[in-house]
Amino acid sequence: MHHFEYRNGELHAENVPVRKLAQEYGTPLYVYSSATFTHHFKAFDSAFEGIQHLTCYSVKACSNINILKLLGSLGAGMDIVSGGELHRALKAGVPAERIVYSGVGKKHTEIREALEAGILMFNVESKQELERIASVARELNKVARISLRVNPDVDPKTHPYISTGLKKNKFGLDIEQSLATYRRAGELEGVEPIGIDCHIGSQLTSIEPFLEALDRVMKFYETLKAEGINIRYLDLGGGLGIPYNTEEPPHPVEYGRAVTERLKGTGLTLILEPGRVIAGNSGILVTEVVYTKDTPSKHFVIVDAAMNDLVRPSLYQSFHRIAEVVPQGREQRDVDVVGPICESGDFLAQDRTIPAVEQGELLALFSAGAYGFSMSSQYNSRLRAAEVMVDGDTVKVIRKRETYADLTALEEGSL
Ligand SMILES: *Cc1c(COP(=O)(O)O)cnc(C)c1O
């Protein structure tokens with residue numbers, strides 16, 4: 001299903017011309033499709049309907065509270081990685097018992113807030129973290145439900161910065177350490193081990209690494225069972241890839257079928273933490289061409305979006321499809337699409353073939369919904385972009401464009 005389509009010679013977001021959105025709200029502009037978010041969530045969630053499960057959207061992919069509200073209303077839980085994300089999820093009305101908390105560096109205050117809220121469980125990533133969670137829980141006279149994040153040492157065959165389940169990564173505990181840590185958790189007051197968790201990486205384009213990880217985790221589950229540790233939840237993390245360019249990632253149905261087959265009859269409740277597969281193709285970034293510039297070696301298209309708006313090309317050398325919002329039918333050119341930031345690493349595309357564009361025209365960067373706005377910054381004192389949500393014919397500004405006052409609001413002497 002495509003909710004970003006060309007109709008009558010111009011790009012639409014659902015029923016609204018993207019050109020009109022840019023006119024009304026300015027650029028750079030994040031444009032999301034409500035129907036796409038809904039469709040992606042339902043397609044993913046229903047792929048696992050054969051077993052008891054909870055789909056916890058990974059908040060960091062795209063964290064706007066309106067998006068959390070939308071997904072929460074569809075029954076989503078949330079996978080959070082900070083106190084700030086807990087705040088967002090609760091504020092969006094997501095019940096605490098649908099929230100799981102991952103991350104290697106949870107601080108004392110963050111743990112306390114999550115315990116006070118009554119989240120479903122902590123995905124614990126080290127022995128020290130386990131001890132700290134237990135001690136905070138005891139202070140509060142509570143018992144923290146926990147999983148250990150095991151590192152199954154499986155290569156997800158994705159970009160190194162988004163590989164997380166290899167021995168050399170900072171995440172989780174290897175299986176040996178995990179066993180000792182589960183034993184410790186079993187005797188420690190203030191924690192109750194109820195789950196096993198793993199998350200091996202992001203943008204996976206095949207289900208084999210997931211299944212390999214699952215097999216290793218299930219073997220470990222049997223070991224824990226034999227030790228009398230009562231595991232009820234299995235959290236498989238996120239990581240399913242999306243098509244940015246020519247990738248052909250598996251459909252959630254294929255993933256769901258393979259996992260469901262392996263878990264049927266175990267009595268385990270499956271937890272999933274999809275981020276990118278829900279948000280990635282639910283949003284685009286719209287930008288205006290400020291200048292074009294030809295040098296002896298390159299044609300540059302200088303646009304008003306930059307690495308502070310969308311860092312993925314600079315950070316991961318990732319590909320975002322770029323197209324004209326209103327195609328003019330000009331000849332193709334090889335260009336670099338770059339932003340105004342004072343860094344040579346500030347590019348949105350390098351050596352890309354797109355139709356020739358002129359000053360003032362609009363370009364759309366596709367697949368920008370995940371790790372787009374949520375990774376944005378104010379570097380070069382640039383105002384963060386506005387975010388709008390389109391739902392059929394209606395448009396809602398879900399985050400206003402920042403102002404100069406926002407830039408300095410927290411700085412001493414700015415008042
Ligand atoms: C980032 C992250 C996810 C989401 O990954 P996607 O590739 O966006 O699906 C899920 N779980 C954890 C622990 C993460 O850090």
Side-chain angles (χ1 to χ4, degrees), residues 37 40-41 43-45 47-48 54-63 67-68 71 76-82 84-86 89 98-106 114 119-126 129 146-152 154 156-166 169-173 195-207 209-210 213 217 233-244 247 249-252 255-256 259 270-283 311-312 315-316 318 367-375:
F37 264 107
H40 285 169
F41 177 77
F44 188 92
D45 190 54
F48 298 88
L54 175 63
T55 302
C56 292
Y57 170 68
S58 176
V59 172
K60 74 178 191 287
C62 188
S63 323
I67 289 166
L68 306 187
L71 295 172
M78 300 284 146
D79 169 45
I80 60 165
V81 294
S82 70
E85 289 189 353
L86 174 66
R98 285 199 234 139
I99 296 175
V100 298
Y101 189 174
S102 308
V104 295
K106 305 177 190 78
I119 64 163
L120 175 58
M121 73 174 94
F122 292 87
N123 291 332
V124 176
E125 308 219 13
S126 66
E129 184 192 336
I146 61 130
S147 290
L148 294 190
R149 177 163 174 182
V150 302
N151 183 330
V154 170
K157 301 194 169 62
T158 181
H159 190 280
Y161 290 5
I162 49 176
S163 296
T164 53
L166 284 167
N169 296 131
K170 71 177 175 182
F171 299 100
L173 294 156
I196 313 182
D197 167 51
C198 73
H199 169 72
I200 59 171
S202 199
Q203 185 54 14
L204 272 71
T205 49
S206 122
I207 61 170
F210 287 121
V217 167
Y233 292 90
L234 179 91
D235 185 337
L236 260 188
L240 194 60
I242 60 165
Y244 283 98
E247 303 94 329
H251 191 275
Y255 179 37
V259 171
L270 176 66
I271 295 180
L272 298 142
E273 303 172 348
R276 190 187 309 272
V277 72
I278 309 291
N281 279 317
S282 300
V311 77
R312 299 188 67 259
L315 186 61
Y316 311 121
S318 52
S367 315
Y371 308 105
F373 187 88
S374 64
M375 292 182 94

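Just so you know, ligand 1 is whichever comes first in the structure, and atom 1 is the first atom listed for that ligand. All values below come from the heavy atoms of this structure, side chains included, with hydrogens, waters and symmetry mates left out. This chain uses plain numbering: 1 for the first residue, then up along the sequence.
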Practice problem: Return the residue, atom name and 0.1 Å-rounded distance of the protein heavy atom closest to atom 1 (C) of ligand 1. | Solution: K60 NZ, 1.3 Å

Exercise. Scan side-chain atoms only and decide if D235 and N123 contain a donor-acceptor pair under the 3.5 Å cut-off.
Key: yes

Self-check item: Sub-4.0 Å atoms of ligand 1 with respect to non-hydrogen atoms of E273
Solution: 3 (C), 4 (C), 9 (O), 10 (C), 11 (N), 12 (C), 13 (C)

Practice problem: Within a distance under 4.0 Å of any heavy atom of Y371, pick out the atoms of ligand 1 and give their elements. | Solution: 1 (C), 4 (C), 5 (O), 6 (P), 8 (O)

Quiz item: Any heavy atom of A61 sitting closer than 4.0 Å to ligand 1?
Solution: no

Practice problem: Write out the residue and atom name of the closest protein heavy atom to atom 7 (O) of ligand 1, then the distance separating them to 0.1 Å. | Solution: S202 OG, 2.2 Å

Quiz prompt | Backbone N/O of G241 and side chain of T205: donor-acceptor pair under 3.5 Å | solution = no

Quiz item: Does G239 come within less than 4.0 angstrom of ligand 1, counting non-hydrogen atoms of the residue?
Solution: yes

Quiz item: R149 heavy atoms, cut-off 4.0 Å: which ligand 1 atoms fall inside?
Solution: 13 (C)

Self-check item: Residues that F210 engages under ring-ring contact (aromatic ring centres under 6.0 Å, His included), provided they are two or more places apart
Solution: Y255

Exercise. Determine yes or no for a side-chain-to-main-chain donor-acceptor pair under 3.5 angstrom, with K60 supplying the side chain and D79 the backbone.
Key: no

Quiz item: Are any of the heavy atoms in F171 under 4.0 Å away from ligand 1?
Solution: no

Quiz item: Is it true that D79 lies under 4.0 Å from ligand 1, counting heavy atoms only?
Solution: yes

Quiz prompt | Non-hydrogen side-chain atoms of F41 and T55 separated by less than 4.5 Å | solution = yes

Quiz item: Which atoms of ligand 1 sit under 4.0 Å from any heavy atom of R276?
Solution: 6 (P), 8 (O), 9 (O)

Quiz item: About how many Å separate CG of L315 and OH of Y371, when rounded to the nearest 0.5 Å?
Solution: 12.0 Å

Quiz item: Within the distance-only criterion (no hydrogens, no angle test), does the side chain of R312 pair as donor or acceptor with the backbone N or O of G372 below 3.5 angstrom?
Solution: no

Quiz item: By number and element, which atoms of ligand 1 are closer than 4.0 Å to a non-hydrogen atom of P274?
Solution: 9 (O)

Practice problem: Give the atoms of ligand 1, by number and element, whose distance to some non-hydrogen atom of S102 is under 4.0 Å. | Solution: 13 (C)

Quiz item: When rounded to the nearest 0.5 angstrom, what distance separates OG in S282 from CZ in F37?
Solution: 4.5 Å

